[in-house]
There are 2 protein chains.
Amino acid sequence: MVDRVVRVIAAFPEGVSVLQLSELAERAGLPLTTAHRLVRQLAQHGLLEAGAGGSVRLGLRLWELVNRNSPTLALRQAAMPFMEDIQHVLNQNVNLAVLDGWEALFVERLSRRGSVANRAQIAGRLAVHVSSAGLALMSHQPRSVQTEYLEQFTDPAGKVTAEELRALLSEAAHQGYAQLAGVIDPDTWGIAVPVLDGRKLAVAALGVVVPLREVRLQALVPALQTAARGIGRRLGDAGTLTQFRSTESL
Amino acid sequence: MVDRVVRVIAAFPEGVSVLQLSELAERAGLPLTTAHRLVRQLAQHGLLEAGAGGSVRLGLRLWELVNRNSPTLALRQAAMPFMEDIQHVLNQNVNLAVLDGWEALFVERLSRRGSVANRAQIAGRLAVHVSSAGLALMSHQPRSVQTEYLEQFTDPAGKVTAEELRALLSEAAHQGYAQLAGVIDPDTWGIAVPVLDGRKLAVAALGVVVPLREVRLQALVPALQTAARGIGRRLGDAGTLTQFRSTESL
DNA sequence: CAACTTATACCGTTGAATGGAAGCAGAACG
DNA sequence: CGTTCTGCTTCCATTCAACGGTATAAGTTG
């Protein structure tokens with residue numbers, strides 16, 4: 001039963017890499033016996049690794065398989081040189097995100113030089129309406145997607161209404177970039193631009209996070225846009241990611 | 001049946017991220033019908049994504065789950081700053097590998113500045129005896145592991161005997177680093193040093209790949225060793241990776 | 001237009017997943 | 001040093017969900 005397998009793999013809380021069997025069973029909502037059997041099977045195939053005393057973590061083999069054939073590989077490869085350029089020229093944290101559901105999923109990140117490397121945000125998510133990357137992506141989606149998004153939108157924090165959001169998206173669409181006061185750190189700004197593939201579809205967002213006082217949009221935005229165009233050109237027409245967003249056919 | 005799931009995920013050839021359903025079925029050794037059902041189920045849970053016309057690729061959600069809880073995360077985070085140091089000081093390709101089975105699995109890599117970013121080697125594997133990283137790792141494994149390795153060793157290419165290999169390992173153990181003529185590119189050298197955790201176990205190897213003529217061991221090795229010690233200190237005693245290599249208990 | 005390749009739906013059989021009960025460590029406690 | 005508790009592991013009879021052959025549809029090629 002594939003559902004169980006997913007439950008086990010997804011049972012690891014963010015950032016936690018090792019779990020106790022009993023805890024894993026509970027988190028996955030599985031009877032201990034079943035979890036035990038499943039873990040053993042998965043471990044035999046290398047998707048999981050089991051240490052002494054019932055400790056469990058994701059397997060190296062799983063990591064290998066996923067990263068070898070990563071759906072984001074082409075995108076990241078195309079983007080990396082340009083992200084390095086931004087990192088060198090602006091000396092700021094640079095990140096790359098794609099749209100998944102109504103959230104921005106961060107797929108790559110470079111820290112500003114000198115700061116401690118922080119891989120934490122990689123594979124992290126932020127809701128569209130609280131991230132400049134999310135806004136940049138959503139503002140360049142087909143109108144049908146935007147409509148659907150706005151219709152279902154409700155801010156759990158109650159800080160922004162659907163109408164305000166519509167205005168934000170419209171503004172971002174016209175300006176060609178999105179900006180937003182930092183969510184995690186209130187003293188920072190996020191600024192992001194869409195990466196358009198050959199068909200003018202926003203397949204990713206390229207963004208920076210900068211300290212509030214250093215806001216120099218005039219310097220940041222053109223650099224980001226230039227880099228984004230470079231990435232888009234490398235991607236070619238094979239939108240790579242977007243074609244799968246379509247209605248599931250299977 | 002978990003075996004089928006693994007077969008499907010592992011069916012993607014290295015570097016290929018999208019496959020046709022029929023091709024996937026064949027590669028996985030599954031009846032088309034079964035593959036179809038499995039893919040649909042996996043896609044529902046986000047481990048796979050199915051596009052129009054039976055195209056299949058790994059799911060963003062799978063990528064996210066694996067990279068959020070990556071077994072190599074702690075290691076990579078500890079190593080990144082030092083890898084950047086090496087990259088800046090030596091201006092060479094830097095890579096980080098762990099031992100998995102009798103192969104070195106590359107978990108992180110930085111390209112020399114200026115060269116085109118090449119993420120290809122990440123999640124790649126090289127046999128122990130053809131990679132400096134592999135030799136550096138193996139030469140600092142417990143004697144029992146080395147013995148087991150040497151006993152089963154046979155070079156399919158027939159270029160090196162077990163005895164020569166034993167000498168190589170012994171030399172690497174004494175020198176504290178391993179070097180090897182490039183395998184992929186004959187005009188390059190690989191040089192790697194072990195990263196020892198608090199218990200003096202080699203949990204990783206830090207290496208560079210340099211053009212043949214630029215060989216300056218006197219300059220490279222001390223830098224690598226210094227960085228490796230720095231990484232090891234950051235890892236602390238929690239050997240993180242090695243403790244799982246133990247005999248599977250489940 | 002015909003012959004083919006490739007994806008999707010259907011469905012009766014069967015074998016493999018299931019999870020409760022019981023056994024076993026090892027640790028914590030008195 | 002014995003007791004109890006917690007958490008991992010093994011066993012096994014029941015049952016239910018996976019299986020894959022056949023059939024159909026859709027799309028492609030010669």
Side-chain angles (χ1 to χ4, degrees), chain A residues 1-13 16-59 62 71 237-239 242-250, chain B residues 1-13 16-59 62 71 237-238 243-250:
Chain A
M1 182 49 139
V2 64
D3 180 60
R4 320 301 262 271
V5 174
V6 178
R7 298 262 279 283
V8 167
I9 295 179
F12 291 82
V16 173
S17 69
V18 57
L19 231 47
Q20 212 60 11
L21 178 55
S22 50
E23 195 182 350
L24 179 66
E26 189 177 8
R27 283 184 180 278
L30 259 45
L32 179 62
T33 308
T34 306
H36 177 256
R37 178 166 22 87
L38 215 43
V39 166
R40 182 174 33 178
Q41 289 178 350
L42 290 168
Q44 273 171 0
H45 292 278
L47 296 206
L48 254 45
E49 288 175 23
S55 53
V56 180
R57 62 167 195 194
L58 298 186
L62 177 59
D237 292 348
T242 329
Q243 59 192 340
F244 281 81
R245 193 99 54 225
S246 62
T247 53
E248 69 304 320
S249 51
L250 284 179
Chain B
M1 183 47 141
V2 62
D3 180 60
R4 320 298 262 270
V5 174
V6 178
R7 298 261 280 283
V8 167
I9 295 178
F12 290 82
V16 173
S17 69
V18 57
L19 230 48
Q20 210 60 10
L21 178 56
S22 52
E23 194 181 350
L24 179 66
E26 189 178 8
R27 283 182 180 278
L30 259 46
L32 180 61
T33 308
T34 305
H36 178 253
R37 179 167 24 85
L38 255 183
V39 166
R40 181 172 36 175
Q41 289 178 350
L42 289 169
Q44 271 170 0
H45 292 278
L47 296 205
L48 254 45
E49 287 175 22
S55 54
V56 180
R57 61 167 196 195
L58 297 186
L62 177 59
D237 292 349
Q243 60 192 339
F244 281 81
R245 193 99 54 227
S246 63
T247 53
E248 68 304 319
S249 52
L250 285 179

- Note on the structure: Atom CG of D3(A) and atom C1' of dC16(D) are separated, to the nearest Å, by 15 Å
- Message: Within the 4.5 Å heavy-atom criterion, are S55(A) and E49(A) side-chain neighbours or not?
- Response: no
- Task: When you get a sec, tell me which of dG20(D), dA18(D), dG19(C) is the closest nucleotide to the side chain of R4(B)?
- Result: dG20(D)
- Under 3.5 Å: donor-acceptor pair, side chain of Q20(B), backbone of G53(B): yes
- Can you find a side chain N or O atom of R40(A) that sits less than 4.0 Å from OP1 or OP2 on dT10(D)? yes
- Message: Could you tell me how far apart L38(A) (CG) and dA17(C) (P) are, to the nearest whole angstrom?
- Response: 10 Å
- Task: Rounded to the nearest angstrom, tell me the gap between atom CG in L48(B) and atom P in dA7(C).
- Result: 14 Å
- Within the structure shown, what part of the strands sits under 4.0 Å from T34(B) by heavy-atom distance: base, sugar-phosphate, or nothing? base
- Is there side-chain contact between L19(B) and P13(B), with at least one heavy-atom pair below 4.5 Å? yes
- Query: dC8(D) P sits how many Å from L21(A) CG, rounded?
  - Reply: 5 Å
- Going by heavy atoms in the side chains, are V18(B) and V56(B) under 4.5 Å from each other? no
- Examine dC8(D): is either OP1 or OP2 under 4.0 Å from a nitrogen or oxygen in the side chain of H36(A)? Give yes or no. no
- Measure the shortest side-chain to side-chain distance between R37(B) and T34(B) over non-hydrogen atoms and say whether it is less than 4.5 angstrom. yes
- Query: Atom CG of L32(A) and atom C1' of dC24(C): how far apart are they, to the nearest Å?
  - Reply: 14 Å
- Using modelled atom types only, decide if a donor and an acceptor are shared between the side chain of R57(A) and the backbone of S17(A) within a distance under 3.5 Å. no
- Query: Which whole-number value in Å describes the distance from E26(B) CD to dA7(C) C1'?
  - Reply: 16 Å
- Query: Where do L24(A) and F12(A) come nearest, in terms of heavy atoms and distance?
  - Reply: CD1-CE1, 4.2 Å
- Angle, rounded to 10°, between the helical axes spanning five pairs at each terminus of the helix from dC1(C)-dG30(D) to dG30(C)-dC1(D)? 50°
- Query: Pick the nucleotide of DNA chain D nearest each of M1(A) and E23(A); which residue has the one closer to the 5' end?
  - Reply: E23(A)
Would you tabulate the nitrogen or oxygen pairs shorter than 3.5 Å linking the protein to nucleotides 22-30 of chain D?
none

- Any side-chain heavy atom of L42(A) within less than 4.5 Å of one from V5(A)? yes
- Decide side chain to side chain contact (heavy atoms under 4.5 Å, CB included) for L47(A) and V6(B); before the verdict, give the C-alpha distance in whole Å, the side-chain angles of both, and the deciding distance to 0.1 Å. CA-CA 8 Å; L47(A) 296 206; V6(B) 178; 3.9 Å; yes
- Query: Phosphate oxygens OP1/OP2 of dT5(C): is one of them under 4.0 Å from a side-chain N or O of Q20(B)?
  - Reply: no
- Query: Once you round it to whole Å, what is the distance between C1' of dT9(D) and CZ of R37(A)?
  - Reply: 13 Å
- Could you tell me the separation between the CG atom of L24(B) and the C1' atom of dT6(C), rounded to a whole number of Å? 14 Å
